[in-house]
Amino acid sequence: MRILKGDMVVVRTGDERAKAPRRVLRIVEGGARLVVEGVNRVYRHVKKGHPKSPQGGRLSVELPIDASNVQVYCPKCDRGVRLASKVNADGSKYRGCRKCGAALVAGGS
Ligand SMILES: [Zn+2]
């Protein structure tokens, strides 16, 4: 099961380990890498006239991290979990927590 844009995830490795769940901002390289809010943030120094910073100066940007380093956050388990494909009584599918079965909807709840 893929992590989707808007998911709340926890980062398993590096400096961001054990921090609070964060939101996935962007999926890149077909899901192999993703951009997580506030994770792997760097400052780019830009000149005047940059579209995002007309005055120039420092611009904070998040770099993509490897998707294998994050897990979807389950509010019920209060930890990062693996996703499982679950089926509703009416046959429709949803993404659920592999541990407790709670539905994990992209965009958080
Ligand atoms: Zn769970």
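Numbering of ligands and ligand atoms starts at 1, following listing order.
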* Around the Zn ion (ligand 1), what protein N, O or S atoms are found below 2.8 Å? ->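 Cys74 SG, Cys77 SG, Cys97 SG, Cys100 SG, with waters left out.
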* Asked: What residues, two or more places apart in sequence or in another chain, satisfy side chain to side chain donor-acceptor pair (under 3.5 Å) together with Ser53?
  ->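 Side chain to side chain donor-acceptor pair (under 3.5 Å) list for Ser53, sorted by chain: empty.
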* **Residues forming a side chain to side chain donor-acceptor pair (under 3.5 Å) with Ser92, sequence neighbours excluded** =>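 Per chain and number, Ser92 pairs via side chain to side chain donor-acceptor pair (under 3.5 Å) with Asn88, Asp90.
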* Asked: Got a sec, which residues hit side chain to side chain contact (heavy atoms under 4.5 Å, CB included) with Val87, two or more places apart in sequence or on another chain?
  ->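 For Val87, the residues satisfying side chain to side chain contact (heavy atoms under 4.5 Å, CB included) (neighbours in sequence not counted) are Lys93.
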* Asked: Are Asp7 and Arg95 close enough, and set up right, to give a salt bridge (Lys or Arg N to Asp or Glu O under 4.0 Å), and what steps lead you there?
  -> CA-CA 11 Å; Asp7 278 346; Arg95 302 187 312 155; 2.8 Å; yes
* Would you call Glu62 and Arg41 a salt bridge, taking side-chain N to carboxylate O under 4.0 Å as the test? ->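 Yes, charged N to carboxylate O under 4.0 Å.
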* Of all the heavy-atom pairs spanning Gly80 and Val10, show the shortest one and how long it is. =>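 That would be CA-CG2, 3.3 Å.
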